[in-house]
Engineer: 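Please see the structure below; I have some questions.
None of the values given here were measured: they were computed from a predicted structure.
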Amino acid sequence: MKKNKASPKLPVADKTKNYSFFEDVWDVVRQVPKGRVTTYGAIARYLGAKSSARMVGWAMNASFAVSPKVPAQRVVNRNGMLSGKAHFATPTLMEDLLKEDGIEVKEDKILNFEAFFWDPANEIG
DNA sequence: AGTATGACTCATT
DNA sequence: AAATGAGCCATAC
C-alpha cells in the first residue's frame, strides 16, 4: 500500500461544508447497544437521507479517527453481512468484536441477523 | 475539472 | 431468482 497519509483529514473540520450528517451517524452508532446491530440503510433512513446509505459507509470510514470511539462493527449491510470488515485494522477484528458482543458470525455473516437488528428509527425516535 | 469508485439499497429486467 | 441499472454524493486521482 502506498505510504500513509500524514493524517486522515476529518471532514468535520471543514468549514465550507456541513458535515453534521457524519456526526449524526457516529452519534447513532454509538447508541447501538452491545449485542445488537444495525444497518447503513437504517441509519440513513433515520437521519432522513434514506438514499444515502453509501455516505453512512463513508462516515464509518472516518469514524476511526474520531473520539469517542464508534462501534463500527455493529453496522453491517442489510443482509447482515460484514461488508466493512476489510476496512478494519485486521481482517478479523470486526468479527472478533461482534463475537465479544455475543453475536455469532459465520462466513462474514451475522447468524440470525434479524433477531439482533436494532433500528434507530424504532428505538430512538 | 471530469471521471471513477465505493463499508449501500431499491427497482427493473 | 439472479443480474443489471440507477440514485446517492463525498473522496481519489
Engineer: Just how far, in rounded Å, is C1' of dC8(B) from CZ of Phe21(A)?
Structural biologist: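 Nearest whole value for this atom pair: 11 Å.
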
Engineer: State, to 0.1 Å, how close Thr39(A) and Asn77(A) come at their nearest heavy-atom pair, and which atoms those are.
Structural biologist: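 Heavy atoms only, the tightest pair is CG2-O, 3.7 Å.
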
Engineer: Restricting both atoms to N or O, compile the protein contacts to nucleotides 9-13 of chain B shorter than 3.5 Å, with distance only.
Structural biologist:
residue	atom	partner	partner atom	Å
dT9(B)	OP1	Gly41(A)	N	3.2
dT9(B)	OP1	Arg78(A)	N	3.2
dT9(B)	OP2	Arg78(A)	N	2.8

Engineer: Is there a side-chain contact between Asp108(A) and Glu95(A) (heavy atoms, below 4.5 Å)?
Structural biologist: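 Result yes, sub-4.5 Å side-chain heavy-atom pair found.
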
Engineer: What's the NE2-P distance between His87(A) and dA12(C), to the nearest Å?
Structural biologist: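 Distance check: His87(A) NE2 to dA12(C) P gives 13 Å.
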
Engineer: Does a side-chain heavy-atom distance below 4.5 Å link Leu47(A) with Val56(A)?
Structural biologist: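 No, every pair of side-chain atoms sits at 4.5 Å or beyond.
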
Engineer: Output the residues of residues 90-102 of chain A in contact with DNA chain B, where contact means a heavy atom of the residue under 4.0 Å from an atom of the strand; sort by number or write none.
Structural biologist: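 Of all residues in residues 90-102 of chain A, none places a heavy atom under 4.0 Å from DNA chain B.
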
Engineer: If you group Ile, Leu, Val, Met, Phe, Trp and Tyr by side-chain heavy-atom gaps below 4.5 Å, do Phe21(A) and Met60(A) land in one group?
Structural biologist: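 Looking at the clustering, Met60(A) is in the same group as Phe21(A).
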
Engineer: Atom CG of Asp108(A) to atom P of dA7(B): distance rounded to whole Å?
Structural biologist: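 Answer to the nearest Å: 14 Å.
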
Engineer: What integer number of Å spans the P atoms of dG5(C) and dT5(B)?
Structural biologist: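 Looking at atom P only, dG5(C) and dT5(B) are 15 Å apart.
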
Engineer: Could you state the atom-to-atom distance from CE of Met55(A) to P of dG6(B) in whole Å?
Structural biologist: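 In whole Å, dG6(B) P and Met55(A) CE are 13 Å from each other.
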
Engineer: Asp24(A) has an atom CG; how far is it from atom C1' of dC9(C), in whole Å?
Structural biologist: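 Value for this atom pair: 16 Å.
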
Engineer: Using whole Å, report how far CG of Asn61(A) lies from C1' of dT11(C).
Structural biologist: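 It is 10 Å, rounded to the nearest whole Å.
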
Engineer: What's the shortest heavy-atom distance between Lys109(A) and Asn79(A), and which atoms?
Structural biologist: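 Shortest heavy-atom contact: CG-O, 4.1 Å.
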
Engineer: Send over the distance from Ile43(A) CD1 to dA7(B) P, rounded to a whole Å.
Structural biologist: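 Roughly 16 Å, once rounded to whole Å.
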
Engineer: Show every ring-ring contact (aromatic ring centres under 6.0 Å, His included) that has at least one partner inside residues 65-93 of chain A, sequence neighbours left out.
Structural biologist: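 Non-adjacent pairs meeting ring-ring contact (aromatic ring centres under 6.0 Å, His included): Phe64(A)-Phe88(A).
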
Engineer: Check the distance between dA7(B)'s C1' and Trp58(A)'s CH2 and give it to me in whole angstrom.
Structural biologist: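 After rounding, the gap between these two atoms is 10 Å.
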
Engineer: Name the closest nucleotide to the Ser52(A) side chain, picking from dC9(C), dT11(C), dC8(B).
Structural biologist: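 Minimum distance to the Ser52(A) side chain belongs to dC9(C).
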
Engineer: State the CE-CD distance between Met94(A) and Gln73(A), to the nearest 0.5 angstrom.
Structural biologist: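 Spacing of CE (Met94(A)) from CD (Gln73(A)) equals 7.0 Å.
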
Engineer: Need one value for Ala44(A): base, sugar-phosphate or nothing, where a base atom within 4.0 Å counts as base even if backbone is also close, heavy atoms only.
Structural biologist: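 Counting heavy atoms under 4.0 Å across all strands, no contact is made by Ala44(A).
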
Engineer: Would you call the rings of Phe117(A) and Phe113(A) parallel, tilted or perpendicular, where under 30° means parallel and over 60° means perpendicular?
Structural biologist: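 Rings of Phe117(A) and Phe113(A): tilted, 30 to 60°.
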
Engineer: Could you walk me through whether Thr38(A) and Val28(A) pass side-chain contact (heavy atoms from CB on, under 4.5 Å), step by step?
Structural biologist: CA-CA 10 Å; Thr38(A) 190; Val28(A) 171; 5.8 Å; no

